[in-house]
There are 4 protein chains.
Amino acid sequence: MNKVILIGRLTRDPELRYTPANSVPVATFTLAVDRPFLNQKGEREADFIRIVVWRKLAENCANNLKKGRQVAVSGRLQVRSYDTPEGQRRSVTEVVADEVKFLDRPKTSAEPEFDSIDVNMDFDSGNDDIGGNEVPF
Amino acid sequence: MNKVILIGRLTRDPELRYTPANSVPVATFTLAVDRPFLNQKGEREADFIRIVVWRKLAENCANNLKKGRQVAVSGRLQVRSYDTPEGQRRSVTEVVADEVKFLDRPKTSAEPEFDSIDVNMDFDSGNDDIGGNEVPF
Amino acid sequence: MNKVILIGRLTRDPELRYTPANSVPVATFTLAVDRPFLNQKGEREADFIRIVVWRKLAENCANNLKKGRQVAVSGRLQVRSYDTPEGQRRSVTEVVADEVKFLDRPKTSAEPEFDSIDVNMDFDSGNDDIGGNEVPF
Amino acid sequence: MNKVILIGRLTRDPELRYTPANSVPVATFTLAVDRPFLNQKGEREADFIRIVVWRKLAENCANNLKKGRQVAVSGRLQVRSYDTPEGQRRSVTEVVADEVKFLDRPKTSAEPEFDSIDVNMDFDSGNDDIGGNEVPF
DNA sequence: TTTT
DNA sequence: TTTT
């Protein structure tokens, strides 16, 4: 069992790519998730957590999410290991999401009126076959 | 909101340390969490996820857990950034657990009969004040 | 282990009470949580889930939440059994929340400008000793 | 968003049925989930939570689970309302599980050696189309 | 109705 | 009894 549930805001617009072999859509973005307590200087800190989404959900996220937007994400925690060009073993930890719920629009946005996304719709919740990490990206 | 729930097995015995300043107990261990699907070669893979526990829970884990033991863990996902001696920015991702449920004893263990831990007891579940990461360790 | 995480909207304003013996604050409200699929008539349905919060979190919820407001809740699932005056055994299922995150303000609200609640603050996240259900209420 | 994760023991063997219209397999069982604290008399109590599983996962549970067996379950919380023959509105709360992880074998079992289920295998985790509650049962 |  |  491996479950992660996060609520946070995108630090940048999502990046959408396609796997070289099968052209499967993959989107990635980073969430800033507020810590539940203040640090020693009395400041609120955040964890910056990398999110990966596949297929239709990737396209939905790429089309509808922007820097600053708040989302709830659920998925599983994945640790991928790889070797650097310098021959060092390194690892990336990320959340492979199977559900992304859009929670608000960014406050600072100057979004056009004709952008009529339902801000609380669920996209593609969990019925899609989310592959593994077939390719490095 | 930041929730992680994992079930997996310890890859090694836990390590117990104390913060230099206040001697607060901290234990760390790595969980092997099976992936829910097979890889392209038809093999089962696992994610290796670093777990951190504080205070009384740290001592309970250090005293009672061993390599191979199955546990359920719940906590929050934390990303700590630091600089290497070579001046590179690097980050560690880990789960700060506030609940660890002991699920079995390792099959291969030759544990003595007089070790009478209740295999399903909860330790210290969530009522302890789990600090932040005040110190590097 | 017993974890529940929900995002939904309050169907009514919260109700705040106090336990007769110790005057401990308890608030209750119901969340409408959208189902992830449509029913056979193509309509979206919701589950109506009773939430219970204790102590400081109860007071925060009573003071700041209103019908229609969206929240994220985390806690544990509890089933309380009781006997009806007619001598029948009945049970209530509810989520005892230890974290409530306020996600928006209701769209239709005519709230005064001087109401300056931070809409995404966390209240009292989990460090409070949440009692059992010492009293019926 | 609607997530529930539980670890508990079956109070009885699962019951397997089929929907009248389409003969879709549905299994139900109740989990006893220990509370994280003792009651006022110093006793450990449990919540008794009804679990529903559909299709292949239903058959796997019916075939492999027995009273007393420990499992981890993940799914969503569902509240179904219905009218009693006496015309009263009543509701059932249950967890519709999309993942069931088998955690041990019952200690007291006299199971034959040739029953070679892998006690930690995952069954049918989440890639199955879990229907709604098309039929009362 | 309840599990260990 | 039900929210958007």
Side-chain angles (χ1 to χ4, degrees), chain A residues 101-105 116-122, chain B residues 101-105 116-122, chain C residues 1-2 6-15 28-35 43-51 65-73 79-83 88-94 102-109, chain D residues 1-2 6-15 28-35 43-51 65-73 79-83 88-94 102-109:
Chain A
K101 188 175 173 63
F102 300 175
L103 288 173
D104 74 349
R105 345 215 59 178
S116 61
I117 303 303
D118 176 357
V119 301
N120 284 113
M121 76 185 287
D122 271 275
Chain B
K101 188 172 173 67
F102 300 174
L103 288 171
D104 73 349
R105 345 216 56 177
S116 60
I117 302 301
D118 176 358
V119 300
N120 286 113
M121 75 187 288
D122 272 276
Chain C
M1 189 147 298
N2 183 335
L6 303 172
I7 296 179
R9 293 184 183 277
L10 279 80
T11 61
R12 301 182 52 183
D13 293 354
E15 288 184 29
T28 56
F29 52 90
T30 295
L31 276 192
V33 179
D34 285 343
R35 294 209 173 147
E43 305 155 338
R44 183 158 298 276
E45 287 184 291
D47 291 289
F48 295 93
I49 300 173
R50 184 182 153 88
I51 312 292
L65 293 180
K66 292 262 172 281
K67 172 178 175 173
R69 183 104 183 230
Q70 190 181 225
V71 295
V73 152
V79 181
R80 286 190 294 131
S81 292
Y82 62 93
D83 296 297
Q88 287 192 297
R89 198 97 191 118
R90 207 67 63 75
S91 76
V92 198
T93 303
E94 57 206 2
F102 300 175
L103 288 173
D104 74 349
R105 344 214 58 179
K107 276 84 202 276
T108 56
S109 83
Chain D
M1 190 148 295
N2 181 335
L6 303 171
I7 297 178
R9 291 183 184 278
L10 279 80
T11 60
R12 302 182 50 182
D13 293 355
E15 288 184 30
T28 56
F29 52 89
T30 295
L31 276 192
V33 179
D34 285 342
R35 294 212 173 145
E43 305 156 337
R44 184 158 296 276
E45 286 183 291
D47 290 289
F48 296 94
I49 300 172
R50 183 181 154 89
I51 312 292
L65 294 180
K66 290 260 173 285
K67 174 178 174 172
R69 183 105 182 229
Q70 189 181 226
V71 294
V73 153
V79 181
R80 286 191 294 133
S81 292
Y82 62 92
D83 296 295
Q88 286 193 296
R89 198 95 191 119
R90 208 67 63 75
S91 77
V92 198
T93 302
E94 56 206 4
F102 300 176
L103 289 171
D104 74 348
R105 342 216 56 174
K107 277 83 202 277
T108 55
S109 83

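All chains are named by letter (A, B, ...) in the order of the sequence lines, taking the proteins before the strands, and each is independently numbered beginning at 1.
- Rounded to whole angstrom, the span from the CZ atom of D/R12 across to the C1' atom of E/dT1 amounts to 7 Å.
- At the phosphate of F/dT1, OP1 or OP2 sits under 4.0 Å from a side-chain N or O atom of D/R89.
- Atom pair D/F29:CZ and E/dT3:C1' shows a separation of 12 Å (rounding to whole Å applied).
- Taking atom NZ of C/K67 as the reference point, atom P of F/dT4 lies 6 Å away to the nearest angstrom.
- Residue C/N2 contributes atom CG, which lies 19 Å from atom P of E/dT4 at whole-angstrom precision.
- Between C/K66 atom NZ and F/dT3 atom C1' the separation is 15 Å, expressed in whole Å.
- Residue D/I49 contributes atom CD1, which lies 16 Å from atom C1' of E/dT1 at whole-angstrom precision.
- Protein atom CD of D/Q70 is 11 Å distant from nucleotide atom P of E/dT4, rounded to whole Å.
- A heavy-atom distance below 4.5 Å is not found between the side chains of C/I51 and C/V71.
- In this structure, the separation between OG1 on C/T11 and CG on C/L31 is 8.0 Å, given to the nearest 0.5 Å.
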Open item on the list: Show, in sequence, the C-alpha distance, side-chain angles and deciding distance for C/D104 and C/R9, and conclude whether the side-chain contact (heavy atoms from CB on, under 4.5 Å) test is met.
Closed with: CA-CA 10 Å; C/D104 74 349; C/R9 293 184 183 277; 3.1 Å; yes
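- Here F/dT2 is the nucleotide among E/dT3, F/dT2, F/dT4 with the atom lying nearest to any side-chain atom of C/T30.
- Listed nucleotides E/dT3, F/dT4, F/dT2 differ in distance to C/R9; the shortest reach to its side chain belongs to F/dT4.
- To the nearest angstrom, C1' of F/dT4 lies 10 Å from NZ of A/K101.
- Within a 6.0 Å sphere centred on CZ of C/R12, heavy atoms belonging to other residues, nucleotides or ligands number 12 at most.
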